[in-house]
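All remarks here apply to the structure that follows.
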Amino acid sequence: AQAPVAPAHIGMLPAEIKWGPASPALPPGAQMAVLAGDPGKEGPFVLRIKLPAGYRVPPHWHPVDEHVTIISGTLQLGMGDKFDAGSMRALTAGSFAIAEKEMRHYVLAKGPTVIQVSAMGPFVITYVNAADDPRNKTQ
């Protein structure tokens, strides 16, 4: 006799995604939804982040490769230790990018933008300049 097969995942509709405030490691104003896994634990995860128009994440890096898909809107992506709007590439809906581990990068949402991030946890954001880290700002 053959072992029973686990039921197939039936998916998640956009209306079923539960949004909440983004990680305190990100500047305030973004919303986040974890679709699979747990970014705070070891193992793969997938999350979505809603960025308001003009939202910026200063130069930062991660200890793992970060895979980013632009779901809607336009994400401006730049590489390096300093925010340089002139060198950024505009990634429109449907675009995909990989920020390899320890690659210094920064982003700007041209308008309201939704991105999907997948990586291996635990996921850590390290800012090039500690003063840019929202966790270091006093309330």
Side-chain angles (χ1 to χ4, degrees):
Q2 195 172 9
V5 177
H9 189 282
I10 57 168
M12 185 182 296
L13 296 170
E16 297 168 335
I17 295 174
K18 299 202 177 354
W19 293 94
S23 162
L26 289 171
Q31 288 192 298
M32 189 168 87
V34 177
L35 305 182
D38 182 342
K41 294 185 176 161
E42 283 201 28
F45 70 86
V46 179
L47 55 83
R48 288 201 181 159
I49 307 175
K50 280 185 189 176
L51 310 172
Y55 186 87
R56 291 168 56 136
V57 181
H60 65 282
W61 57 275
H62 312 285
V64 297
D65 290 354
E66 176 187 34
H67 300 148
V68 180
T69 302
I70 290 63
I71 303 294
S72 64
T74 300
L75 185 74
Q76 306 257 102
L77 174 65
M79 295 187 301
D81 287 344
K82 289 191 176 14
F83 197 98
D84 175 15
S87 71
M88 298 177 89
R89 181 159 192 207
L91 301 174
T92 54
S95 298
F96 175 75
I98 296 176
E100 292 182 351
K101 79 179 213 174
E102 300 180 10
M103 182 184 98
R104 276 55 174 167
H105 60 287
Y106 46 92
V107 298
L108 170 67
K110 203 165 182 181
T113 301
V114 177
I115 63 172
Q116 183 163 299
V117 174
S118 56
M120 295 297 286
F123 198 60
V124 176
I125 299 173
T126 302
Y127 288 89
V128 172
N129 299 309
D132 288 335
D133 190 330
R135 295 165 291 194
N136 293 338
K137 300 202 186 309
T138 54
Q139 303 301 337

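Just so it is clear, the values below take in all heavy atoms, side chains as well, and ignore hydrogens, waters and symmetry mates.
The minimum heavy-atom distance between P52 and A109, with the atom names listed, is O-CB, 3.5 Å. Closest non-hydrogen pair, A130 versus N136, comes out as O-ND2, 2.8 Å. Residues P59 and K82 come closest through the heavy atom pair CG-C, 3.9 Å. Heavy-atom minimum distance, I70 versus I115: CG1-CG2, 4.2 Å. When every heavy atom of I49 is checked against every heavy atom of L26, the shortest pair comes out as CD1-CD1, 4.1 Å.
Residues meeting the salt bridge (charged side-chain N to carboxylate O under 4.0 Å, His left out) test with R135, sequence neighbours left out: D133. Every residue meeting the side chain to side chain contact (heavy atoms under 4.5 Å, CB included) condition with P27, not counting sequence neighbours, appears here in chain and number order: Y55, V57, P58, Y127, P134. The side chain to side chain contact (heavy atoms under 4.5 Å, CB included) test applied to V124 returns P63, T126, not counting sequence neighbours. With sequence neighbours excluded, the residues satisfying side-chain hydrogen bond (donor to acceptor under 3.5 Å, both in side chains) with D84 are S87. For K41, the salt bridge (charged side-chain N to carboxylate O under 4.0 Å, His left out) criterion is met by D38, not counting sequence neighbours. Partners of S72 by side chain to side chain contact (heavy atoms under 4.5 Å, CB included), not counting sequence neighbours, listed by chain and number: V114. Every residue two or more places apart in sequence or in another chain that forms a side chain to side chain contact (heavy atoms under 4.5 Å, CB included) with E16 is listed here: M12, L13.
Within the structure, ring pair (Phe, Tyr, Trp, His ring centres under 6.0 Å) contacts touching residues 18-51 (residues at least two apart or in different chains) are F45-F123. Among pairs with a residue in residues 48-77, none fulfils salt bridge (charged side-chain N to carboxylate O under 4.0 Å, His left out), at least two apart in sequence or across chains.
Follow the hydrophobic side-chain contacts under 4.5 Å out from W61 and you never reach L47; the two are in separate clusters. Connection of I71 to L51 is not established within any shared hydrophobic cluster, with ILVMFWY side chains joined at heavy-atom distances below 4.5 Å, either directly or through further cluster members. The same ILVMFWY cluster, assembled from side-chain heavy atoms under 4.5 Å apart, contains both I125 and M32.
With a 6.0 Å radius and a threshold of 12 heavy atoms from other residues, nucleotides or ligands, E100 has its CD atom at or below the threshold.
Here F83 sits in one hydrophobic cluster together with M88, Y106, L108; the rule is ILVMFWY side chains under 4.5 Å apart, joined directly or through other members. F96 belongs to a hydrophobic cluster whose other members, connected by ILVMFWY side-chain contacts under 4.5 Å either directly or through intermediates, are I98. Taking a 4.5 Å side-chain heavy-atom cut-off between Ile, Leu, Val, Met, Phe, Trp and Tyr, the cluster of M79 extends to M103.
If you take CZ on R104 and CG on D81, they are separated by 6.0 Å, rounding to the nearest 0.5 Å. Atoms NE2 and CE, on H67 and M120 in that order, are 10.5 Å from each other to the nearest 0.5 Å. Taking CD from Q76 and OG1 from T92, the interatomic distance works out to 10.5 Å, rounded to the nearest 0.5 Å.
At least one donor-acceptor pair closer than 3.5 Å links the side chain of T113 to the backbone N or O of T74.
Put simply, the side chain of H60 does not reach to within 4.5 Å of the side chain of V128, judged on heavy atoms.
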